[in-house]
Amino acid sequence: MNQQPAAQLATQITLDITWHYSATEAMSRFLAGLRERRIEALRCDGCGRRYLPPRPFCGRCCLRMHNWVPVADMGTIEAWTVVHVPVLDSRTGAPRPLPYGMALIRLDGADTTLNHYLDETDPAELCIGARVRAVWRDEVVGAMDDISHFEVLR
Amino acid sequence: MAGTGVSGPLAVDTRSIPEMVLAAAEAALADAQTDFGNIDAVVTASVDLHDGLTASNIAVTEVVGAVMKPETRIAGDGLAAAAHAACQIWAGAYGTVLVVAHGKASMADQDSVEQWAWDPITIQPLGVGFTVAAGLQARAVMGEGDPEAALSRWATVASRRWQAVGVGSRPEDVLASPVTAAPLRALMAAPAADAAYAVVLTGEPQRRGPVLKGVGYDLDTHAPGDRDLASWAGLGRAFARACRVAGSDTGAAFDIVEASCRYPHEEELVAAAVPALADSDVAPSGGLYRGVAPVAAGLGRLVDTVDALRSGPPARALAHGTWGPAGQAHAVAILESAP
């Protein structure tokens, strides 16, 4: 990198604002389903793709989606990593214990994948194609982390 | 391509964004032997999230000479901004356009900032950053192949890029560096940096400026779970569009290539997406390993390409920029030496 210019004063700003995101009708139904430990995807009438997480519009076909299809809470790992860089839990602001497993998971009945945690952090025990099952929290509130993580099935 | 200007990259630039941008803009204008008065329009690239404020209109408009002029703001890589400027000129809307991009990674923790770039309902609560996305992508690229062979190959590539920018990291150093998001190691990643880049594009004939022949860009779905992570198909589409504009064959070879690859596995994605580049060295200058300024780096690749065309024999060149997680979006520019 290049030569450092003369130092200047820096002002530290902490932004403390709460945003209220509208979840969309589709996501609202999806999250309500999680409260009942039920997972649903939206299927596009054009390409037949079953989107999970659901969204109201298929970006490939430019069509609104209305057809809900059930999805299992078991699936297959499509990509995985074991993370060693510090990450803050966006709900609590607390650092997440390291390392942790993270995967893209294609649930049975869906054509797209979900990001979620894995219970496994040993790379030797992970592979693309491995089967996983959702581990639900005891108390579900209608949020993505109603699923605590996915356990790798052996 | 009438002129180029650079400010950085630096690991930490203690100057303000307006000062960084002004330095790059003034350098580009001086290189083009012109001044703000001859600029018809401005295209700027920046992302509010990285800047911590409404980026372009607060920090940049005055120092790019855009007060009471048409400024187009691109929330993407600076190479996409250059593509917009070229289209404005080709459409006959403006004669000379200044393009500026800036990124200041040192302002805040990048992994924390990048968490905010994801869907707030489904991914943000998981604390995913772009490093995690890169790890998932590297694993997808690795596929069912031999992991040790892939790691060895990537360590060699990263070492070569480090050497090109004067850092003596050997492949064994790369492999021994800490795991960030498996299978990626810390020294496989090009470092985050602060930088601003500027170029002056004009429809007027230039004696020494290379000619921008074609541009193209492409945005895939944001969620990495909606696309094939083991492919940069969007780069292939952007490249095909640039070739159509340039009137060139997609199979024609390039003498100079400057791709935006932050990780070595991304070079394999480039080669797969654009077969014409399969045998090319895609970052002869070291590329992003000099420092990656968020959403500015692609314009830096264009600047390096212009410099190489100016200093070497007649040649055909390609510059590439990317932004978004795991290569969501790509921009391509095809250039030729001045006639």
Side-chain angles (χ1 to χ4, degrees), chain A residues 1-10 13 15 19 21-24 27-28 30-31 49 51-53 55 59-60 77-91 95-96 99-106 110-117 121 123 126-129 143-145, chain B residues 6-16 19 23 52-53 107 109 111-112 115-116 118-129 131-140 142-144 147 165 178-184 186 191 193-195 221 223-227 229-230 290-291:
Chain A
M1 295 192 194
N2 294 343
Q3 182 100 20
Q4 176 66 49
Q8 296 185 2
L9 293 176
I13 303 292
L15 193 64
W19 275 265
Y21 290 102
S22 293
T24 74
M27 186 57 71
S28 297
F30 171 76
L31 296 174
R49 214 163 185 237
Y51 282 93
L52 187 76
R55 73 257 4 226
R60 295 181 169 195
I77 292 178
E78 296 285 331
W80 61 269
T81 182
V82 177
V83 184
H84 294 253
V85 290
V87 172
L88 298 180
D89 184 312
S90 61
R91 290 194 171 196
R96 186 173 180 79
Y100 63 91
M102 172 68 67
L104 289 176
I105 298 163
R106 189 182 307 277
D111 293 303
T112 62
T113 60
L114 282 177
N115 270 78
H116 223 299
Y117 301 120
T121 58
L126 290 168
C127 66
I128 292 171
M144 276 305 291
D145 59 2
Chain B
V6 174
S7 173
L10 296 166
V12 180
D13 191 330
T14 56
R15 293 174 297 175
S16 67
E19 289 167 312
L53 48 77
M107 285 178 66
D109 176 75
D111 268 326
S112 299
Q115 282 184 47
W116 285 73
W118 298 96
D119 175 81
I121 310 290
T122 58
I123 305 184
Q124 275 188 27
L126 302 175
V128 179
T131 303
V132 175
L136 291 167
Q137 183 161 63
R139 180 62 63 181
M142 192 180 270
E144 302 300 323
V165 301
V179 174
T180 51
L184 296 175
D194 302 345
T221 56
D226 285 6
R227 50 187 154 107
L229 269 190
R290 269 185 284 167

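Letters go in sequence order (proteins before strands), and every chain restarts at 1. Atom set for the values below is all heavy atoms of this structure, side chains included, hydrogens, waters and symmetry mates excluded.
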Give, for atom OH of A:Tyr51 and atom CG of B:Asp226, the distance between the pair rounded to the nearest 0.5 Å.
-> 6.0 Å
What distance do A:Tyr21 atom OH and B:Gln124 atom CD have between them, rounded to the nearest 0.5 Å?
-> 5.0 Å
Which answer fits [X], side chain, backbone, both or neither, if we ask what part of it has an atom under 4.5 Å from a heavy atom of chain B?
X        : answer
A:Met102 : both
A:Leu31  : side chain
A:Arg106 : neither

Can you tell me which portion of [X] sits under 4.5 Å from chain A's heavy atoms? Options are side chain, backbone, both or neither.
X        : result
B:Gln137 : neither
B:Trp118 : neither
B:Pro178 : neither
B:Thr221 : neither
B:Leu136 : both

What's the verdict on side-chain contact (heavy atoms from CB on, under 4.5 Å) for B:Val132 and A:Tyr100, showing C-alpha distance, side-chain angles and the deciding distance?
-> CA-CA 11 Å; B:Val132 175; A:Tyr100 63 91; 4.1 Å; yes
Any side-chain heavy atom of B:Asp111 within less than 4.5 Å of one from A:Pro86?
-> no
Side chain proximity check, A:Thr81 to B:Arg139, heavy atoms < 4.5 angstrom = no
Quick check: closest heavy atoms across [X] and [Y], and the distance to 0.1 Å?
X        : Y        : value
B:Pro125 : A:Tyr117 : O-OH, 4.0 Å
A:Val82  : B:Val179 : O-CG1, 4.3 Å
A:Thr113 : B:Gly225 : OG1-CA, 2.7 Å
A:Met144 : B:Thr122 : CG-CA, 3.3 Å
B:Gly143 : A:Ile128 : CA-CD1, 4.1 Å

Top contributor to chain B interface from A:His84, A:Arg60, A:Met27 [non-hydrogen pairs under 4.5 Å] | A:His84
Which one, A:Val83, A:Ile13, A:Thr24, leads in non-hydrogen pairs under 4.5 Å with chain B?
-> A:Val83
Selection from B:Arg227, B:Glu19, B:Met107 maximising heavy-atom pairs under 4.5 Å formed with chain A | B:Glu19
Given B:Asp13, B:Leu184, B:Asp109, B:Thr131, the one with more heavy-atom pairs under 4.5 angstrom with chain A than any other is B:Asp13
